[in-house]
Undergrad: 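Pasting a structure here, questions to come.
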Amino acid sequence: MTVLSAGSGSGGATRTVTTGTRAWELFADDPEVVAARVNGELRDLSRELASADEVEPVSIDSTAGRDILRHSTAHVLAQAVQQLFPEARLGIGPPVVDGFYYDFDVAEPFRPDDVEHIESRMRKIVKEGQRFDRRAVTDAQARDELAAEPYKLMLVDLKGAAKPDDGSSVEVGAGELTLYDNVRRDGSVAWTDLCRGPHLPTTKRIPAFRLLRTAAAYWRGNEQNPQLQRIYGTAWESKEALDAHLHRLQEAQRRDHRRLGAELDLFSFPDEIGSGLAVFHPKGGVLRKTMEDYSRRRHEEAGYEFVYTPHLTKAGLFETSGHLQWFADGMFPPIRIDEERDADGQVRKPGQDYYLKPMNCPMHCLVFGSRGRSYRELPLRLFEFGTVYRNEKSGVVHGLTRVRGLTMDDAHIFCSREQLRGELTTLLVFVLDLLRDYGLEDFYLELSTKDPDKYVGDDAVWDEATDTLAEVAAASGLELVPDPGGAAFYGPKISVQARDAIGRTWQMSTIQLDFNLPERFGLDYTAADGSRQRPVMIHRALFGSIERFIGVLTEHYAGAFPPWLSPVQVVGIPIAERHAEHLDDVASRLRGQGVRVEVDRSDDRMQKKIRSAQLQKVPYMLIAGDRDVDDAAVSFRYLDGEQDNGVSIEVAVDRIVTAVRERRAR
RNA sequence: GCCGGCGUGGCGCAAUUGGUAGCGCAUCCGACUUGUAAUCGGAAGGUUAGGGGUUCGAGUCCCCUCGCCGGCUCCA
């Protein structure tokens, strides 16, 4: 037998033990070890080993170890729930990122104080130190023991067909069925669940956990299935790790763009307008305008041409594009213009349906098709901050990240097949460069490829395009995550995922090939040899939606935008009223250089003014008192509390203007 | 769309078993003029999201609508 050190994957000391040894005997002196990886497969510490086995300890603070901890905690949750609510039927209880959940079928949904009771019952179970005891059973035995658990019975029927992505694989694997008994110290069985394991040796080995929230969830993730009540929780290898996680949750809350949007007076969602429809206030407006202006400039430099198209169109356009056939339920219902009849009842003007546009591409196709096109015009890059409306389902609307009215920084590139490779290469570089300029640094790519059952277009073109995307992605040096079958029916796609300041990932830009729309719109151009050729179309958006991008940046920066984006860049704070004039002079010099600056002339005390500017997250506070006035200087205070006193006005203005121009962090 | 929770001045929160809607911040006015995160005093501000019902009486109980929050499903 070979015993490896945790996480080593290879090497390690070789120890000879007899068959029948149990894994825990090997790691008895290490309390962190909660399971074993035997020949690459996770096993309970109590499982017997064979002499040829390669055994690696699994530590509770490893990824696999935490999953086991969380899954075991989910069992404790389920036991607690069934003790308190004997009629509750069990769904599934897998570990998820940073935690776990368990689904229950109960007559009454859980209430907040139920959760408290459940949690304290769980603590009792943990204290009891129940052993997790594995027992292999036949299908018939399992059905017999689980007769009262209809959902578990369904899982038994699904055995082998369990999808890895719906969580059911934690209950049943492809091999034999197993039950886990929770055995008390006195040998009595407290509770049993269908589960493939592995588990912690005992409940006592759960160092720290917390129940977080309840919610409804469809059985096996399908809307057609009944809804179960889900309880979410988290569990960690130590109290400190749990606290750190709860602190991260708090941090995410502190950064919530909905909260910061109100605090910083950036935007709001007036009930009077409707769900998912934002208005930008002056401070959010200047932020947005700055973002857009910079984007426009970069697009201009990169050879894009600007177009403008209306928000509303007759139904026919979306019949041509196919949107009405595919996505009608995501579109707002039509505005019906009734037909008009004359006195004789003859139709004078036929009725018409008009739709709010959910996408800009059909309009851009019309621009391309508005006259004959030459190969000399390609690639033709049409750009628009195009506002679109999507009838998002009521339950999904969420701050700025999921809205019903949004503005895409949308472009459609029409090029020849020969140009595709070059265009995609420069495009990806352009996209990443621009995102970096806005302060996102950490990316990975996702390549969505053909769903063989659902696509249009020529296989050869698909292959070529997909290969090109893959090459371009590889050349970027970024991590590439394949998403097989994830492409839309009309073409493959690369999406850029960005990690923010606290490590969350957001889907940002998409670069999507389209073999469908040029066909549907009958677009063509005259090639050098005089033949008519069909262009390939690339859809691309960097921000995705500007609203959402503002939301993401707000959370990324926790509202403390870098100077170039900050709605108010400088606040002048006079120590006494007599110093205000001096700051007005400085302010007007800054304003002359395009800096957004205010002088706080309120009758608050200076300390209060600092606090106000701090809460508004203004990057530069310029403070002036007698000393500064005498020296023709100002004193800097930055958001981190650092000061730089007695800086000459000359230097101060230059420092700020330079930081803004170069988009520096401060 | 589904399940649950919630909706009280601009914001954050109070309001015994159904019995006169309060507080802090912000706002406005006045006083004060102070070197790095909250000076003091005063005033104004609410048909308790909207509509309907029960009741002598509803912020509180019931129904509907709208909106928000947490999930599920969805996201061209």
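Lettering follows sequence order; numbering is per chain, from 1. Computed over heavy atoms, backbone and side chain alike; hydrogens, waters and symmetry mates excluded.
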Undergrad: Would you say a side-chain N or O of A:Arg213 is under 4.0 Å from OP1 or OP2 of B:G71?
TA: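 True: A:Arg213 side-chain N/O within range (under 4.0 Å) of B:G71 OP1/OP2.
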
Undergrad: Which of these passes side chain to side chain contact (heavy atoms under 4.5 Å, CB included) with A:Ile656: A:Val651, A:Leu622, A:Val597?
TA: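 Among the candidates, only A:Leu622 passes.
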
Undergrad: Between B:G10 and B:U36, how many Å separate the two P atoms, rounded to a whole number?
TA: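 B:G10 and B:U36 have their P atoms separated by 36 Å.
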
Undergrad: If the C1' atom of B:U48 is compared with that of B:G59, how far apart are they to the nearest Å?
TA: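 Going atom to atom, C1' in each nucleotide, I get 5 Å.
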
Undergrad: What pairs with A:Asp256 under salt bridge (Lys or Arg N to Asp or Glu O under 4.0 Å), at least two apart in sequence or on another chain?
TA: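 Applying salt bridge (Lys or Arg N to Asp or Glu O under 4.0 Å) to A:Asp256 gives A:Arg258.
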
Undergrad: Send over the distance from A:Leu639 CG to B:U36 C1', rounded to a whole Å.
TA: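 In whole Å, B:U36 C1' and A:Leu639 CG are 13 Å from each other.
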
Undergrad: When we call it a touch if two heavy atoms are under 4.0 Å apart, what does A:Ser612 touch: a base, just sugar-phosphate, or nothing?
TA: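 Counting heavy atoms under 4.0 Å across all strands, no contact is made by A:Ser612.
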
Undergrad: May I ask you to verify if any side-chain N or O of A:Arg220 is less than 4.0 angstrom from the OP1 or OP2 atom of B:U73?
TA: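 So the side-chain polar atoms of A:Arg220 never come under 4.0 Å of the phosphate oxygens OP1 or OP2 of B:U73.
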
Undergrad: Begin from the C-alpha positions of A:Asp451 and A:Phe489 and carry the test side-chain contact (heavy atoms from CB on, under 4.5 Å) through to its verdict.
TA: CA-CA 7 Å; A:Asp451 177 349; A:Phe489 68 91; over 6 Å; no

Undergrad: For A:Asn222, which contact category applies under a 4.0 Å heavy-atom criterion: base, sugar-phosphate, or nothing?
TA: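 No contact.
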
Undergrad: Quick one, A:Leu469 with A:Thr449, criterion side-chain contact (heavy atoms from CB on, under 4.5 Å). Give me CA distance, side-chain angles, the key distance, then yes/no.
TA: CA-CA 10 Å; A:Leu469 284 176; A:Thr449 48; over 6 Å; no

Undergrad: Compare side-chain N and O positions of A:Lys609 against OP1 and OP2 of B:U39 and report whether any pair is under 4.0 Å apart.
TA: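 It does not, given that no N or O in the side chain of A:Lys609 lies less than 4.0 Å from OP1 or OP2 of B:U39.
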
Undergrad: Taking atom C1' in both B:U8 and B:G46, what distance in whole Å separates the two?
TA: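 About 8 Å, rounded to a whole number of Å.
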
Undergrad: Return the pairing partner of B:A37 with a 3.5 Å limit on both distances, Watson-Crick or G-U wobble; otherwise return none.
TA: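 The base-pairing partner of B:A37, which may sit in any strand shown, does not exist here.
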
Undergrad: What contact category does A:Asn645 fall into here, base, sugar-phosphate, or nothing, at under 4.0 angstrom with non-hydrogen atoms?
TA: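 Base contact.
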
Undergrad: So, does the side chain of A:Tyr218 form a donor-acceptor pair with the base of B:G71 at under 3.5 Å?
TA: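 Checked by distance alone, the answer is no.
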
Undergrad: At less than 4.0 Å, is any side-chain N or O atom of A:Arg258 found next to OP1 or OP2 of B:C69? Yes or no.
TA: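 So the side chain of A:Arg258 is within the cut-off, an N or O lying under 4.0 Å from OP1 or OP2 of B:C69.
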
Undergrad: Given atom CG of A:Asp105 and atom P of B:C3, what is their separation to the nearest angstrom?
TA: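 Computing the A:Asp105:CG to B:C3:P distance gives 14 Å.
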
Undergrad: Answer yes or no: is there an ion pair linking A:Arg402 with A:Glu392, defined by an N-O contact shorter than 4.0 Å?
TA: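 A:Glu392 and A:Arg402: salt-bridged.
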
Undergrad: Specify the separation, in whole Å, of atom CD of A:Gln227 and atom P of B:G1.
TA: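 Going from CD in A:Gln227 over to P in B:G1 covers 14 Å.
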
Undergrad: Which base, if any, makes a Watson-Crick or G-U wobble pair with B:G9, both distances under 3.5 Å?
TA: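 Matched B:G9 with nothing under the 3.5 Å cut-off.
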
Undergrad: Looking at A:Phe636, does the NZ or CZ of A:Arg655 lie under 6.0 angstrom from its six-membered ring centre and within 45 degrees of the ring axis?
TA: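 Here A:Arg655 passes the 6.0 Å and 45° test against A:Phe636.
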
Undergrad: When both hydrogen-bonding distances must be under 3.5 Å and the geometry is Watson-Crick or G-U wobble, what is B:U55 paired with, if anything?
TA: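 With both distances under 3.5 Å required, B:U55 matches none.
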
Undergrad: Atom CD of A:Glu223 to atom P of B:C2: distance rounded to whole Å?
TA: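 Going from A:Glu223 (CD) to B:C2 (P), I get 10 Å.
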
Undergrad: Do A:Glu555 and A:Arg504 make a side-chain contact, defined as non-hydrogen atoms from C-beta onward lying under 4.5 Å apart?
TA: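 Of all side-chain heavy-atom pairs linking A:Arg504 with A:Glu555, at least one is under 4.5 Å.
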
Undergrad: Less than 3.5 Å between a donor and an acceptor, one on the side chain of A:Arg402 and one on the base of B:C74, is that the case here?
TA: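 Between B:C74 and A:Arg402, which were checked side chain against base, a qualifying N/O pair under 3.5 Å is present.
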
Undergrad: Is the phosphate of B:C75 approached by A:His398 (side-chain N or O, under 4.0 Å from OP1 or OP2)?
TA: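 Indeed not, no polar side-chain atom of A:His398 lies that close.
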
Undergrad: Can you measure A:Asp600 atom CG to B:U33 atom C1' for me and round it to whole angstrom units?
TA: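 Rounding to the nearest Å, CG of A:Asp600 and C1' of B:U33 are 14 Å apart.
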
Undergrad: Taking the side chain of A:Val396 as heavy atoms from C-beta outward, which of B:A76, B:G1, B:U39 is closest to it?
TA: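 Selected nucleotide: B:G1.
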
Undergrad: Using atom CZ of A:Arg404 as one end and atom C1' of B:C68 as the other, report the distance to the nearest whole Å.
TA: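 Between C1' of B:C68 and CZ of A:Arg404: 13 Å.
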
Undergrad: Between B:U33 and B:C23, how far apart are the two P atoms, rounded to whole Å?
TA: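 So the two P atoms sit 30 Å from each other.
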
Undergrad: Would one find a side-chain N or O of A:Ser394 under 4.0 angstrom from OP1 or OP2 of B:G1?
TA: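 Affirmative; the distance criterion is met.
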
Undergrad: If the C1' atom of B:A58 is compared with that of B:A15, how far apart are they to the nearest Å?
TA: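 So the two C1' atoms sit 14 Å from each other.
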
Undergrad: Heavy atoms under 4.0 Å, any strand shown: does A:Phe489 hit a base, just sugar-phosphate, or nothing?
TA: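 No contact at all - A:Phe489 keeps every heavy atom at 4.0 Å or more from the nucleic acid.
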
Undergrad: Just call it for A:Phe269: base, sugar-phosphate, or nothing, with non-hydrogen atoms closer than 4.0 Å on any strand.
TA: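 Nothing, no heavy atom under 4.0 Å.
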
Undergrad: Indicate whether OP1 or OP2 belonging to B:A38 is found under 4.0 Å from a side-chain N or O atom of A:Arg611.
TA: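 So the side-chain polar atoms of A:Arg611 never come under 4.0 Å of the phosphate oxygens OP1 or OP2 of B:A38.
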
Undergrad: Please tell me if A:Ser275 has a side-chain N or O lying less than 4.0 Å from either OP1 or OP2 of B:C68.
TA: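 For B:C68, OP1/OP2 do have a side-chain N/O of A:Ser275 under 4.0 Å.
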
Undergrad: Of the candidate nucleotides B:A37, B:A76, B:U73, which contains the atom at the shortest distance from the side chain of A:Lys393?
TA: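 Closest of the options to the side chain of A:Lys393: B:U73.
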
Undergrad: May I ask you to say what A:Ala217 touches in the nucleic acid, namely base, sugar-phosphate or nothing, with a heavy-atom cut-off under 4.0 Å?
TA: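 Answer is sugar-phosphate: A:Ala217 comes under 4.0 Å of backbone atoms only.
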
Undergrad: Answer with base, sugar-phosphate or nothing: what part of the nucleic acid does A:Pro574 contact at a heavy-atom distance below 4.0 Å?
TA: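 Answer is nothing: A:Pro574 stays at 4.0 Å or more from every strand.
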
Undergrad: Expressed in whole Å, how much space separates the P atoms belonging to B:U39 and B:G51?
TA: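 Straight-line distance between the two P atoms is 41 Å.
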
Undergrad: What about the rings of A:Phe110 and A:Phe85, do their centers lie closer together than 6.0 Å?
TA: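 A:Phe110 vs A:Phe85: aromatic centres under 6.0 Å.
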
Undergrad: Distance check, C1' atoms only: B:U27 and B:G9, in whole angstrom units.
TA: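 Here B:U27 and B:G9 have their C1' atoms 11 Å from each other.
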
Undergrad: How close or far is atom P of B:G4 from atom CZ of A:Phe110, stated in whole angstroms?
TA: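 Answer to the nearest Å: 13 Å.
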
Undergrad: Is A:Tyr638 near enough to B:A37 that one of its side-chain N or O atoms lies under 4.0 angstrom from OP1 or OP2?
TA: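 So the side-chain polar atoms of A:Tyr638 never come under 4.0 Å of the phosphate oxygens OP1 or OP2 of B:A37.
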
Undergrad: Below 4.0 angstrom from OP1 or OP2 of B:A37, is there any side-chain N or O of A:Arg637?
TA: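 Looking at the OP1 and OP2 atoms of B:A37, one of them is under 4.0 Å from a side-chain N or O of A:Arg637.
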
Undergrad: Base, sugar-phosphate or nothing for A:Asp329? Non-hydrogen atoms, less than 4.0 Å.
TA: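 Contact class for A:Asp329: none.
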
Undergrad: Considering only NZ, NE, NH1 and NH2 on the basic side and carboxylate oxygens on the acidic side, decide whether A:Arg666 and A:Glu642 come within less than 4.0 Å.
TA: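 Yes.
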
Undergrad: When the C1' atoms of B:G22 and B:G45 are considered, how many whole Å apart are they?
TA: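 That atom pair is separated by 14 Å.
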
Undergrad: Measure CG/A:Leu513 against P/B:A76 and give the value in whole Å, please.
TA: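 In whole Å, B:A76 P lies 16 Å from A:Leu513 CG.
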
